[in-house]
2 protein chains.
Amino acid sequence: MEHTPLACSHHDHGHCITDALEAARQLCVGRGVRLTDLRLQVLELIWQNHKPLGAYTLMEMLAKANTRRVAPPTVYRALDFLLEQGLIHRINLLNAFIGCPSPSTKHQSHFLICRACGIAIELNQPELSQQIIGVAQDAGFQVETQSLEVSGLCANCAGNTEHDGHEHGHGHGHE
Amino acid sequence: MEHTPLACSHHDHGHCITDALEAARQLCVGRGVRLTDLRLQVLELIWQNHKPLGAYTLMEMLAKANTRRVAPPTVYRALDFLLEQGLIHRINLLNAFIGCPSPSTKHQSHFLICRACGIAIELNQPELSQQIIGVAQDAGFQVETQSLEVSGLCANCAGNTEHDGHEHGHGHGHE
DNA sequence: ATAGAAAGGTTATAGAGTAACATAGCAGGA
DNA sequence: TCCTGCTATGTTACTCTATAACCTTTCTAT
């Protein structure tokens, strides 16, 4: 990560990770479900940064970390568990997964995704959820899950491209 | 389709198709782009009903219709064209594609998707788009595309399951 | 006519996800 | 304690989704 993408710029990310892992541990204990080594390790890898990671990327990371190579079902099962517990979200736009910063409160999946640096910022907008439910109800539709994926440029990347020149669409390499 | 799923219930779908194809033709002429036989045929197949269709399903349909088998790149190129022209939308949740009823006006991709019958209902809610843009701006994020995919039960299916009993999750077969 | 661009054909492969079955590890009860 | 059953993980093979790379055909404009 060359120019430490945006939300990442000004925070101690180690703190994000330890907080997320501790929250996950407590939450699993409270629910009586088992946060095994593998599941914890996958969660930890997902939290390495604020960019969604694909299942196969995670497999490679696990292989590097463990010297053992895990097969797809292994990582998908861990991901399924984490999804069920609300510890991660799936970004359909990218076929990728990202850590949830507030797993203890039930909420919908609303993300801003930067096409330049790849970061995904989770929104916390209950009013937006409510408005969407309202619109759906007007159509007689009974909402179960919401997935909002907004693509564009994050504050950092939009700022950078504007300084660079007037261009805004070349996604200057990032990883 | 046994119990003609919802929005499909009470409309002349042949009309949907002819309207969509005519609109597509005019739009392409106006833009000076070529709506070739293949592209038109793919669009027509997508409009067969209001359910999103996968690329490989389309390939099979093309094979049946044409006696010739087309390879994946062929159908994906047609889909790319139709996406670029706004004639169809991609439903990320399903890896599938669906016709756009109003391709001439630029708009975002907002859908209600029934998990029981598979129908996808496109919303037309500029205020919702605006609210999303507003929320993004508050985070310094510059929006380029929006994808809202709401999953749940459509009016028809919610009604049916409630009458059937108290169950609501068996997605009683539909095709 | 003919060059260049655009569209489509073909082969091969990458990427994402799951089915089915085998094994290991952890629980609680006799 | 041992047994039993459940949960988690390992393994193999496969399906589904999508694209790379290269070639041929078909338009279009001069």
Inset, instruction - Give a yes or no on whether the ring-centroid distance for A:His13 and A:His15 is below 6.0 angstrom. - result: no

Legend entry - Under 4.0 angstrom between A:Arg39 side-chain N/O and D:dT9 OP1 or OP2: yes

Legend entry - Any B:Thr74 side-chain N or O less than 4.0 Å from OP1/OP2 of C:dT10: no

[X] has an atom [atom1]; how far is it from atom [atom2] of [N], in whole Å?
| X | N | atom1 | atom2 | value |
| --- | --- | --- | --- | --- |
| A:Asp80 | D:dA8 | CG | C1' | 13 Å |
| A:Arg68 | D:dT9 | CZ | C1' | 9 Å |
| B:Leu79 | C:dA7 | CG | C1' | 15 Å |
| B:Leu38 | D:dT26 | CG | P | 14 Å |
| A:Asn92 | C:dA16 | CG | C1' | 13 Å |
| A:Asp37 | C:dA24 | CG | P | 18 Å |
| A:Phe81 | D:dT9 | CZ | P | 9 Å |
| B:Tyr76 | D:dC16 | OH | C1' | 8 Å |

Legend entry - Toward the 5' end of DNA chain C, by each residue's nearest nucleotide, B:Pro72 or B:Arg34: B:Arg34

Legend entry - Closest-nucleotide ordering on DNA chain C, the 5'-leading residue of B:Ala71 and B:Val33: B:Val33

Inset, instruction - Could you point out which residue of A:Val150, A:Ile121, A:Ile132 forms a side-chain contact (heavy atoms from CB on, under 4.5 Å) with A:His110? - result: A:Ile132

Inset, instruction - Kindly give the heavy-atom pair with the smallest separation between A:Arg39 and A:Leu82, and that separation in Å. - result: O-CD1, 4.0 Å

Inset, instruction - Might you work through the ring pair (Phe, Tyr, Trp, His ring centres under 6.0 Å) test for A:Phe97 and A:His89, ending with a clear yes or no? - result: CA-CA 6 Å; A:Phe97 304 85; A:His89 292 285; over 10 Å; no

Legend entry - Polar side-chain contact B:Arg77-C:dG9 base: donor and acceptor under 3.5 Å: yes

Inset, instruction - Report yes if the ring of B:Tyr56 lies under 5.5 Å from the six-membered base ring of D:dT17 with planes under 30°, and no otherwise. - result: yes

Legend entry - B:Glu122 side-chain N/O to B:Cys100 backbone N/O, donor-acceptor pair under 3.5 Å: no

